[in-house]
Amino acid sequence: MEGFNHSRVSEFVFLGLTDSPELQIFFNVIFFVFYLMTMLGNCLILFTILSTPHLHSPMYFLLSNLSLIDMCLSSFATPKMIMDFFAQRKTISFEGCISQIFLLHLFTGTEIVLLISMSFDRYIAICKPLHYSTIISQRVCVGLVVTSWMVGFLHTMSQLAFILYLPFCGPNVIDSFFCDLPLVIQLSCIDIYVLGVFMISTSGVIALISFLLLLTSYIIVLITIKDHSSIGSSKAFSTCTAHFIVVLMFFGPCIFIYVWPFTNFLVDKVLSVFYTIFTPFLNPLIYTLRNQEVKTAVMKKLSNQYLYLGKRTPRYPVQ
């Protein structure tokens with residue numbers, strides 16, 4: 001088997017989401033707006049949490065890290081997809097393609113573990129409130145975040161170890177707007193169907209198990225809050241429902257795409273948009289801006305900034 005340095009393919013060609021020029025314009029405008037709002041929203045949340053002392057608690061520490069990961073996940077492919085709209089041929093180098101696969105699995109693997117950590121944090125806060133401060137300390141939170149990045153890194157390296165030494169001698173056309181493992185493996189010059197299905201399905205199984213763990217934690221939390229006041233129960237139920245919708249939008253496409261690889265369904269391209277573009281956009285809205293404390297802090301920061309700029313604006317006397 002040839003090493004990856006001897007690969008004959010030097011670049012890959014993206015087909016994108018559609019062949020229609022009108023739809024391409026529509027999608028690029030929509031994705032540009034979503035990407036811009038994702039970056040601005042997550043930057044605002046990060047700035048607010050870091051600059052507000054009373055938000056320096058374990059829950060908000062985890063939320064700030066989720067915002068950071070969402071910014072990374074939204075940026076690994078979306079800017080190139082938007083720029084490709086102005087190119088006649090949508091190409092990416094072999095090294096760039098491998099980098100996209102690395103970053104995709106790093107950020108998704110990290111986010112999966114972080115979402116489980118956040119679920120664990122909420123479970124302790126609601127089900128064991130008297131022990132929360134002793135169980136969930138700042139040190140534990142740092143450990144959870146570091147663990148999530150380590151798991152993401154180990155996961156993506158296990159995927160790359162499988163693909164780096166495959167020979168690619170053509171074709172080099174990828175029916176998507178970014179590189180992903182199932183799409184690239186199909187372009188290999190050797191038949192590795194059984195091994196490829198096993199390796200890729202591992203990611204799907206991990207996502208499925210993680211989703212079931214999160215689902216179980218939400219069910220336990222909802223059962224626990226049933227005995228609380230109706231107002232508290234209603235608020236917790238609303239929060240858990242919103243969180244679960246985002247979790248479903250993130251895990252659903254991952255499970256579908258990776259449990260059944262090499263299917264080439266058109267729906268795969270549509271589903272990939274959800275966890276690379278829509279979910280990073282929705283996370284700050286659902287997880288953070290629905291929180292009254294964060295909303296109040298954000299509005300205070302924005303109003304202070306407005307007043308500061310107003311004071312700096314020169315005022316000229318009326319002639």
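- With hydrogens and angles ignored, the 3.5 Å screen pairs no side-chain donor or acceptor of Ser119 with any backbone N or O of Leu115.
- Leu15 has its side chain out of reach of Ile174: every pair of non-hydrogen atoms, C-beta onward, lies at least 4.5 Å apart.
- In this structure, Tyr218 has its ring center at least 6.0 angstrom away from the ring center of Tyr123.
- Closest approach of Gln186 to Pro182, counting heavy atoms only: NE2-O, 3.0 Å.
- Taking the six-membered ring where tryptophan is involved, the planes of Phe211 and Phe251 are tilted, since the angle between them lies from 30° to 60°.
- A 4.5 Å side-chain heavy-atom check between Pro58 and Tyr132 finds at least one atom pair inside the cut-off.
- Nearest heavy-atom pair, Ile116 versus Leu214, reported as atom, atom and distance to 0.1 Å: CA-CD2, 3.8 Å.
- Note: His105 and His155 have tilted aromatic rings, judged against thresholds of 30 and 60 degrees for the angle between ring planes.
- Side-chain atoms of Leu55 and Leu50, non-hydrogen and from C-beta on, never get closer than 4.5 Å to each other.
- Between Arg89 and Glu11 there is a salt bridge, since at least one side-chain N of the basic residue sits less than 4.0 Å from a carboxylate O of the acidic one.
- The backbone N or O of Thr38 sits less than 3.5 Å from a side-chain atom of Asn42, completing a donor-acceptor pair.
- Among all heavy-atom pairs drawn from Ile92 and Cys97, the shortest one is CD1-N, 3.6 Å.
- Val151 is not listed as a side-chain neighbour of Thr110, based on a closest heavy-atom distance of 4.5 Å or more.
- The ring of Phe274 has its center closer than 6.0 angstrom to the ring center of Phe278.
- The heavy-atom pair separating Phe177 from Thr276 by the smallest distance is CZ-OG1, 4.0 Å.
- Gln100 and Asp180 share no side-chain donor-acceptor pair at under 3.5 Å.
- Between Phe94 and Phe168, the ring center distance clears the sub-6.0 Å criterion.
- The closest donor-acceptor contact from the side chain of Ser64 to the backbone of Phe61 lies under 3.5 Å.
- The two residues Val184 and Cys179 have their closest heavy-atom pair at CG2-CB, 4.2 Å.
- Using a 4.5 Å heavy-atom cutoff, the side chains of Asp84 and Phe14 are in contact.
- Taking the side chain as every heavy atom from C-beta outward, Arg122 and Cys127 never approach each other to under 4.5 Å.
- Here the closest non-hydrogen pair linking Phe34 and Ile277 is CB-CG2, 4.0 Å.
- Side-chain contact of Thr52 with Tyr60: a donor-acceptor pair under 3.5 Å is absent, judged by distance alone.
- Crowding of His56 atom NE2: a count of heavy atoms from other residues, nucleotides or ligands under 6.0 Å exceeding 12.
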